[in-house]
Amino acid sequence: MCNFPFKGPAHLWAQLPHLAPVTLRGARKEEAAHRPGGGQARIMSASAVFVLDLKGKPLISRNYKGDVSMAEIDHFMPLLMQKEEEGALTPLLTHGKVHFLWIKHTNLYLVATTMKNANASLVYSFLYKVVEVFSEYFKELEEESIRDNFVVIYELLDELMDFGFPQTTDSKILQEYITQQGNKLETGKSHVPPTVTNAVSWRSEGIKYKKNEVFIDVIESVNLLVNTNGSVLLSEIVGTIKLKTFLSGMPELRLGLNDRMLFELTGRGKNKSVELEDVKFHQCVRLSRFDNDRTISFIPPDGDFELMSYRLNTQVKPLIWIESVIEKFSHSRVEIMVKAKGQFKKQSVANGVEISVPVPSDADSPKFKTSVGSAKYMPEKNIVIWSIKSFPGGKEFLMRAHFGLPSVEKEEVEGRPPIAVRFEIPYFTVSGIQVRYMKIIEKSGYQALPWVRYITQSGDYQLRTQ
C-alpha cells in the first residue's frame with residue numbers, strides 16, 4: 001500500500017505544489033538507497049505517467065519501469081466516476097494491486113500508476129511539477145497544447161523522470177537543451193548543460209551580470225472568516241518569500257529573519273520575533289544547516305523562484321471591516337447599505353480594494369451611490385462589486401445600492417453568501433516578519449545590492465452578514 005499521508009476530499013491537494021522538488025540522479029539514487037530508512041522502497045515514484053482527456057482517453061503516456069501494464073489505465077475513469085457517484089472520491093484510487101495517483105488540471109487528468117510502496121507526497125509533487133513545466137513551455141496547459149507538442153512533451157517526460165525517479169525538474173535548466181523545436185534538433189549538435197550532472201542542478205555555471213542585485217518579496221495572504229456576530233471563526237496567515245536574483249558566478253546567499261527559534265538560540269529574547277510554522281523550502285536551501293542553527297543558506301537559481309513558504313495560525317484583526325444592512329420593502333425593492341473601515345495603521349494604504357456584495361438572484365434595475373470608488377452590478381454572479389482604488393488606514397466609506405424586485409415573493413428561501421474582500425497593502429506585513437540581513441558570498445568578491453519589499457494581500461477573506 002502507498003504511504004499516503006492525506007485523507008478526505010481533493011482540496012487537500014492544494015498543499016502539495018509547495019513541496020520541494022526532488023532531484024535524484026546517478027550517485028544520489030545510491031546515496032538515498034543507503035540512508036537509514038531511505039531505501040528505494042521509500043522513495044519509489046511512478047511506474048508510468050499518463051495525460052488523459054476528460055473522457056479518460058490517454059493523450060500521451062510514458063512507461064518508466066514496465067512493472068505495471070499500460071492497459072491498467074482503462075480502469076481509472078470508471079473507478080473515478082464510481083467513487084464520485086458514491087461521494088467517496090479520493091486523490092488515490094486502487095484497482096487490484098495497482099494504485100492510481102491523480103490530479104486534474106483544466107480539461108486534463110494527470111495520472112501516475114504504481115504497484116510499489118511509493119512515497120505519495122513525492123508522486124503528487126512530481127505531477128504538479130509536470131504541470132508547472134508544461135505550463136511554462138506551452139503557456140496554457142490543455143488538451144490542444146498536448147496534441148500540438150507531442151515531440152517536446154516526450155523529450156520533457158524523459159528528462160523529468162528516470163526509471164521512476166524524479167530527475168531534472170527545473171524548467172529553466174530544461175529550456176537550455178529542450179526547445180519548442182526539439183524535433184528539429186540535429187543529434188550531432190545536441191548539448192546537455194553541465195547543470196544536469198552538477199550537484200547544483202538548478203543553476204548554470206558562467207552566469208554574468210554587469211550589475212549584481214537580489215530582489216526579495218515577502219508576501220503574506222490573510223485568510224479570514226467572520227460570522228454574523230462579528231466573531232472571527234478562522235484566522236490564518238500564509239506567507240511566501242520570493243526572490244529574483246541577478247548574480248554572477250556561483251554565489252552563496254545567507255538570509256536572516258526575525259525567527260523566534262533563531263532569537264532563542266542566540267539569546268536575543270522574543271521581542272519582535274515571529275514563530276514560523278509549516279515552513280517549506282526550495283530545494284536549493286541547505287536543510288541540515290537550517291536544522292542546526294536556523295540559518296537559511298543556499299545557492300540560488302537564476303531569476304525568479306520561491307525560496308520558502310510558511311503559515312501562522314494567529315488571531316488577526318480584520319484589516320478591512322465590513323458592516324452591511326439589507327432592507328426589503330413589500331417585495332418590490334431592496335436597499336443595501338455597506339460600510340467599509342480600514343483597521344490597519346493610518347500610514348498604510350490598501351490598493352485595488354474590491355468588495356463583493358451578494359444580492360438576491362431576482363434583483364433588477366440597480367442604482368448605486370458611493371462615497372468613494374465605483375459600484376458595478378454583475379447579474380451572472382448575483383453580486384455587486386464595489387471597487388476602491390486607494391483605501392487609507394483608519395478611513396470609513398459607504399456604498400448604497402437600490403434594486404427592484406418582482407412583486408411575487410420567491411417561494412424558496414435563498415441562502416445569503418458572505419461578503420468577500422480583495423486588497424493589497426504594500427510595505428506592510430501582518431505577522432511582523434522582517435528580513436534582518438542578506439549576505440552574498442562569491443569567490444570573486446563582488447558587491448551586490450539586496451532590495452526588500454513587503455506586501456500583505458487578501459487570501460480567502462470573507463465576512464458573513466445578518
Side-chain angles (χ1 to χ4, degrees), residues 3 5-6 11-23 35 38 43 119-122 124-126 128-129 132 166 169-170 200 202 214-224 234-245 252-266 268-301 304-316 428-439 450 452-457 459-460:
N3 298 320
F6 302 106
H11 68 264
L12 293 173
W13 301 344
Q15 304 169 17
L16 288 164
H18 301 294
L19 295 168
V22 178
T23 305
R35 267 184 225 137
I43 60 172
N119 184 326
S121 297
L122 176 70
Y124 282 110
S125 183
F126 175 77
Y128 278 105
K129 198 67 185 176
E132 182 184 320
T169 58
D170 192 299
V200 183
W202 53 86
V214 179
F215 296 89
I216 308 168
D217 280 345
V218 181
I219 303 170
E220 291 190 340
S221 298
V222 179
N223 296 331
L224 189 79
L234 170 69
S235 176
E236 181 184 61
I237 300 168
V238 179
T240 59
I241 297 181
K242 298 183 178 181
L243 268 64
K244 182 180 285 189
T245 62
E252 180 181 339
L253 276 58
R254 293 175 189 168
L255 178 68
L257 305 173
N258 56 334
D259 176 17
R260 181 165 297 179
M261 289 187 68
L262 173 63
F263 276 34
E264 289 174 355
L265 285 170
T266 54
R268 282 184 282 177
K270 297 182 180 180
N271 293 336
K272 295 184 179 179
S273 62
V274 178
E275 187 172 358
L276 302 177
E277 303 170 27
D278 195 22
V279 180
K280 298 183 180 71
F281 289 109
H282 188 275
Q283 62 175 334
C284 66
V285 175
R286 294 185 176 94
L287 297 181
S288 57
R289 181 82 184 269
F290 182 78
D291 289 339
N292 289 335
D293 58 13
R294 305 291 285 188
T295 299
I296 303 173
S297 174
F298 57 99
I299 296 173
D304 296 304
F305 71 101
E306 183 178 298
L307 176 68
M308 63 178 285
S309 64
Y310 58 90
R311 180 178 53 83
L312 295 171
N313 277 322
T314 182
Q315 194 72 12
V316 179
F428 172 76
T429 59
V430 185
S431 68
I433 192 171
Q434 293 179 0
V435 175
R436 293 290 188 179
Y437 63 84
M438 168 66 84
K439 293 181 181 177
V452 184
R453 178 174 63 171
Y454 299 94
I455 300 172
T456 292
Q457 61 189 17
D460 188 4

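Quick caveat, the model's predicted, so the values are computed rather than measured. The first residue in the sequence is number 1, and the count goes up from there.
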(message) Could you check whether any side-chain N or O of Asp217 sits under 3.5 Å from a backbone N or O of Ile219, counting only pairs where one atom can act as donor and the other as acceptor?
(response) no
(request) Measure from the side-chain N and O atoms of Ser309 to the backbone N and O of Val238, and report whether any donor-acceptor pair falls under 3.5 Å. (result)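 Answer holds: no.
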(request) Please check if any side-chain donor atom of Thr456 sits under 3.5 Å from a side-chain acceptor atom of Glu220, or the reverse. (result)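 No, because no side-chain N or O of Thr456 sits under 3.5 Å from a partner of the opposite role on Glu220.
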(message) Go through it in stages, so that I can follow the logic: the residues are Ile241 and Ile296, the test is side chain to side chain contact (heavy atoms under 4.5 Å, CB included), and I'd like the CA-CA distance, side-chain angles, deciding distance and then a yes or no.
(response) CA-CA 12 Å; Ile241 297 181; Ile296 303 173; over 6 Å; no
(request) Please identify each residue that fulfils salt bridge (Lys or Arg N to Asp or Glu O under 4.0 Å) with Asp460, with sequence neighbours left out. (result) none
(message) Under the rule for salt bridge (Lys or Arg N to Asp or Glu O under 4.0 Å), what residues qualify as partners of Lys244, not counting sequence neighbours?
(response) Asp304
(message) Checking Ile237 against Val316 for the side chain to side chain contact (heavy atoms under 4.5 Å, CB included) test, could you report, in this order, the C-alpha distance in whole Å, the side-chain angles of both residues, the deciding distance, and whether it holds?
(response) CA-CA 8 Å; Ile237 300 168; Val316 179; 3.9 Å; yes
Test of understanding: with side chain to side chain contact (heavy atoms under 4.5 Å, CB included), list the residues that count as partners of [X], not counting sequence neighbours.
X      : value
Arg286 : Glu252, Arg289, Ser297, Ile299
Glu275 : Arg260
Pro450 : Met438
Tyr454 : Val218, Thr429, Gln434, Val435, Val452

Roughly how far apart are [X] [atom1] and [Y] [atom2], rounded to 0.5 Å?
X      : Y      : atom1 : atom2 : result
Arg294 : Asn292 : CZ    : CG    : 11.5 Å
Phe298 : Met308 : CZ    : CE    : 10.5 Å
Arg453 : Ile216 : CZ    : CD1   : 12.0 Å

(request) Quick one: list whatever passes ring-ring contact (aromatic ring centres under 6.0 Å, His included) with Phe305, sequence neighbours left out. (result) His282
(request) Give the C-alpha distance, both sets of side-chain angles, the deciding distance and a yes or no for side chain to side chain contact (heavy atoms under 4.5 Å, CB included) between Val430 and Thr314. (result) CA-CA 10 Å; Val430 185; Thr314 182; over 6 Å; no
(message) Within the 4.5 Å heavy-atom criterion, are Ser221 and Thr240 side-chain neighbours or not?
(response)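 In short, these two side chains do not touch, never coming nearer than 4.5 Å.
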(message) Minimum heavy-atom separation for Pro300 and Thr245, please, with both atom names.
(response) CB-CG2, 4.0 Å
(request) Please identify each residue that fulfils side chain to side chain donor-acceptor pair (under 3.5 Å) with Asn258, with sequence neighbours left out. (result) none
(message) I'd like to know whether Ile433 forms a side chain to side chain contact (heavy atoms under 4.5 Å, CB included) with Tyr310, so could you lay out the CA-CA distance, the side-chain angles of the two residues, the decisive distance to 0.1 Å, and finally the verdict.
(response) CA-CA 11 Å; Ile433 192 171; Tyr310 58 90; 3.5 Å; yes
